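The next block holds one structure in the form of structure tokens; read it before the comments.
Computed from a predicted structure; not experimentally measured. A note on names: the letters A, B, ... follow the listed sequences, proteins ahead of strands, and every chain is numbered from 1. Reckoned from all heavy atoms, side chains included, excluding hydrogens, waters and symmetry mates.
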Amino acid sequence: MTNPSNNNTEPKTSLNFLEQIITNDIAENKAGGRVHTRFPPEPNGYLHIGHAKSICLNFGLASQFNGKCNLRFDDTNPTKEEQEYVDSIKEDVRWLGFDWEEREFYASDYFDKLYEFAVFLIKKGKAYVCEMTAEEIGASRGTPAVPGKESPWRDRPVEESLDLFDRMRKGEFPDGSKVLRAKIDMGSPNMQMRDPVMYRILHARHHRTGDNWCIYPMYDWAHGQSDYLEGITHSVCTLEFEVHRPLYDWFLDELEVKNDRPRQIEFARLNLSYTVMSKRKLLGLVQEGHVAGWNDPRMPTISGLRRRGYTPASLRVFADRVGVAKRENMIEVGMLEHCVREDLNRTSARAMAVFNPVKLIIDNYPDGQVEELKGILNPENPETGTRLIPFSKTLYIEKDDFLEDPPKKFFRLFPGGEVRLKYAYIIRCDHVVKDERGAVTEIHCTYFPETKSGMQSDKKVKGTLHWVSAEHAIKSEVRLYDRLFTVPEPEDVEEGEDFRKHLNPDSLVVTTALLEPALADVWPGQRFQFERNGYYCVDPDSRQNALVFNRTLSLRDSWAKISR
RNA sequence: UGUCCUGUGGUGUAAUUGGCAACACGUCUGACUCUGAAUCAGAAGAGUCCAGGUUCGACCCCUGGCAGGACAACCA
């Protein structure tokens, strides 16, 4: 199995609780010391960064202990699941860097086996066909504090249940008319143990088994048995299944599984600030058009993060750094952003882009002269080479980089001030030209030839500006993405209010930028750092002469803090 | 007024089976810088939910509270 390196040099000094459990299990030679995990998504939506944590955990644990990890689709509800989701899930897991080899499984692979197991339990007197309606079952289940009441069908003869179950399978009964229930304990303080439903009748076409079945197993019945059939040793899931664990074990007990039993272990799901994670809410955002789709770069989905420009390695490191435990948590997005910047800083090529251009004219630079200057592609990794940047008399710089009345500690350009133009010369601002409204339209400067980049010069300046040559710059659409919500915990709303009220109206700003010409030939997915600005990647919408860049995230900006 | 789970700096995670709390992110200084980025150096910030108890010694063990969460789909 592949386990991509996380470039994580921090020495591993302690084990998390899952590693401890597994280490102990191996020490006790449980399952012969085998470790086999699984990632079990339901194909009813797109994967998000919370799933990424689970994927990293399951595949990571397996490789760490020389085991295997299966990809298993939990496809027991044909009314919600679709092939489209299966495809996107596989793409996302692969993109994250994990390989399930030939072990691509489906709960639906086990429908026959599950049926046999169910018959076994009926014969054993541990399951029965119940003919109450869904409402009746709900009402008789009681509440967490009040015991439930037994079904009138609970003690019907085994032969009768067997016959009815067989006819349920054959399609003799309409949806909802009957269910198969485990016979456990309607008085149990654990609601999960109050005769849970194992099968329901659903005359629905399944994306894999077609019309072969009209009864489908419920999660609790299908999941643990699938784990068992696959030889899973550690069935890692999220906290909400904690109360299901007695049921998970009960089924295994009653099926008389003695050795190599899978063991369910729960951990706290990932929560991220400034976003929402529930599939239902994400679906809502898509359906209501608040975002452009599941892979909108503002979505916390893996496909959204991918389109946004996040790297698989950064997501893996993130999953590793947030750790895993059983307490509820809220990870600050800052942590994620740090992981991405760290990776992108190391790996992305630099380029210059001007977003709010103002013309800068070098009065003493020869008309018509063009110099091809060398720019380092990545100073963190100089062997990646250089690119050529044309320099000429008329440039564009960022409006923000010039102020007529600079505050103290302003290291940029102002009348009489000097700055370096990155990879070019030091210049001095002599005067400006304004329009009738008083806005600066031209900044006139003098350049100092002896300060050309690479030459020895005694002249020192505080600031360095990025720029593009007016004549050579190419135009690009740029989509500036920001946090989807304006508050850290958008789901934390008053009674009767909705998380949508915290949607950030400025989460997407479409603008244009002037780029250095080396960027004319880029392909979707390529990532860059626009110097002094941020990280950007080429969107799939991008075309040869109609470039589209997405802002992954900005560079840290301590000047913004000072000037505030 | 049931069962189960969880409480450690702002956030997250540690403290290897009891030895006066560590790491990462964040924050704040300063250095360096042809990216106000990165990097480097340093600082502040918790006495471990509370109260008892055991012990020479408790984040860790015991008792009792308190707080938060999960569970009442023919969803997963």
Side-chain angles (χ1 to χ4, degrees), chain A residues 10 13-16 20 23 40-42 44 74-77 79-81 130 132-134 137-139 141-148 175-181 188-194 196-202 215-216 218-220 222-223 237-246 266 268 273 279 321-332 334-339 341-342 345-346 350 352 376 379-380 409-412 419-424 426 451 453-454 460-466 488 529-534 554-563:
Chain A
E10 293 143 31
T13 54
S14 60
L15 303 178
N16 64 47
Q20 285 175 20
T23 301
E42 181 188 13
N44 71 340
D74 230 328
D75 57 349
T76 56
N77 186 350
T79 64
K80 290 186 175 174
E81 295 148 7
C130 177
M132 291 197 288
T133 64
I137 290 178
R141 202 186 299 282
T143 70
V146 179
D175 287 4
S177 59
K178 292 176 178 52
V179 292
L180 183 72
R181 288 229 256 171
S188 171
N190 182 343
M191 298 290 293
Q192 309 306 320
M193 301 299 271
R194 322 242 263 226
V197 172
M198 294 170 64
Y199 274 97
R200 74 285 215 190
I201 300 173
L202 240 34
I215 58 171
Y216 291 93
M218 300 290 290
Y219 165 83
D220 288 296
H223 199 90
C237 64
T238 46
L239 246 31
E240 66 268 30
F241 294 104
E242 214 155 21
V243 287
H244 293 237
R245 186 165 8 110
E266 311 84 13
S273 64
K279 272 188 193 172
R321 293 217 179 118
V322 298
V324 59
K326 294 194 72 163
R327 56 177 116 145
E328 311 270 338
N329 59 77
M330 173 65 71
I331 310 291
E332 295 174 342
M335 179 78 227
L336 211 211
E337 293 173 345
H338 170 262
C339 293
R341 287 196 181 101
E342 182 181 54
N345 175 49
R346 244 190 329 247
R350 311 288 126 120
M352 294 198 283
I376 298 168
E380 302 289 322
K409 296 186 69 178
F410 183 77
F411 299 160
R412 309 177 187 181
V419 295
R420 170 172 291 284
L421 293 173
K422 179 95 180 174
Y423 295 129
I426 290 177
T451 62
S453 190
K460 288 274 182 274
V461 289
K462 269 304 228 178
T464 300
L465 307 187
H466 62 277
Q529 183 201 95
F530 291 168
E531 299 217 40
R532 304 210 304 136
N533 184 310
S554 63
L555 247 36
R556 293 190 63 183
D557 185 358
S558 53
W559 168 246
K561 275 179 205 162
I562 297 168
S563 58

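- Checking B:G36, B:U35, B:U27 against the side-chain heavy atoms of A:K422 singles out B:U35 as nearest.
- The partner of B:A43 is B:U27, by the rule that a Watson-Crick or G-U pair needs both atom distances under 3.5 Å.
- In this structure, A:W559 counts as stacked on the base of B:G36 under the 5.5 Å centre distance and 30° plane angle limits.
- Across the interface with RNA chain B, nearest-nucleotide mapping of A:M330 and A:K409 shows A:M330 to be the residue nearer the 5′ end.
- Of the C1' atoms belonging to B:G7 and B:C59, the separation is 11 Å, rounded to the nearest Å.
- Within the nucleic acid shown, A:P147 has no heavy atom closer than 4.0 Å to any nucleic acid atom.
- Taking atom C1' on both nucleotides, B:U33 is separated from B:C40 by 11 Å, rounded to a whole Å.
- Distances were taken from every side-chain heavy atom of A:E42 (C-beta onward) to each of B:G36, B:U35, B:A76; the shortest belongs to B:A76.
- A 3.5 Å limit on both hydrogen-bonding distances identifies B:C71 as the Watson-Crick or G-U partner of B:G2.
- B:A24 and B:A15 have their C1' atoms separated by 15 Å, with the value rounded to a whole Å.
- Separation of the P atoms belonging to B:G52 and B:A31 is 49 Å when rounded to the nearest angstrom.
- Mapping A:A134 and A:R420 onto RNA chain B by nearest heavy atom places A:R420 at the nucleotide closer to the 5' end.
- Distance noted for atom P between B:A46 and B:A38: 27 Å (whole Å).
- Residues A:T79 and A:N77 bring a donor and an acceptor atom of their side chains to less than 3.5 Å of each other.
- For B:G26 and B:G64, the P atoms lie 43 Å apart once the distance is rounded to whole Å.
- For B:A15, one of the phosphate oxygens OP1 or OP2 lies less than 4.0 angstrom from a side-chain nitrogen or oxygen of A:Q20.
- Of the C1' atoms belonging to B:A51 and B:A70, the separation is 27 Å, rounded to the nearest Å.
- Rounded to whole Å, the separation between the C1' atoms of B:C60 and B:C49 comes to 15 Å.
- Residue contacts for A:L555: at a heavy-atom cut-off of 4.0 Å it reaches a base atom on one of the strands shown.
- For B:G47, the glycosidic angle deviates from 0 by 90° or less, giving a syn base.
- As judged by a 4.0 angstrom heavy-atom cut-off over every strand, A:F410 is placed among the base-contacting residues.
- Donor-acceptor pairing under 3.5 Å, judged by distance alone, is absent between the side chain of A:E380 and the base of B:U39.
- With a glycosidic angle more than 90° from 0, B:A15 adopts the anti conformation.
- Side chain to side chain, A:N190 and A:Q192 fail the donor-acceptor criterion of an N or O pair below 3.5 Å.
- Among the heavy atoms of the strands lying under 4.0 Å from A:T76 are primed sugar atoms or P, OP1, OP2 only; no base atom is included.
- Using a 4.0 Å heavy-atom criterion, one finds that A:S558 contacts the sugar-phosphate atoms exclusively.
- Among B:U35, B:C4, B:C28, the nucleotide with an atom closest to any side-chain atom of A:E242 is B:C4.
- Distances from the side chain of A:F241 to the nucleotides B:A76, B:U35, B:G2 place B:A76 closest.
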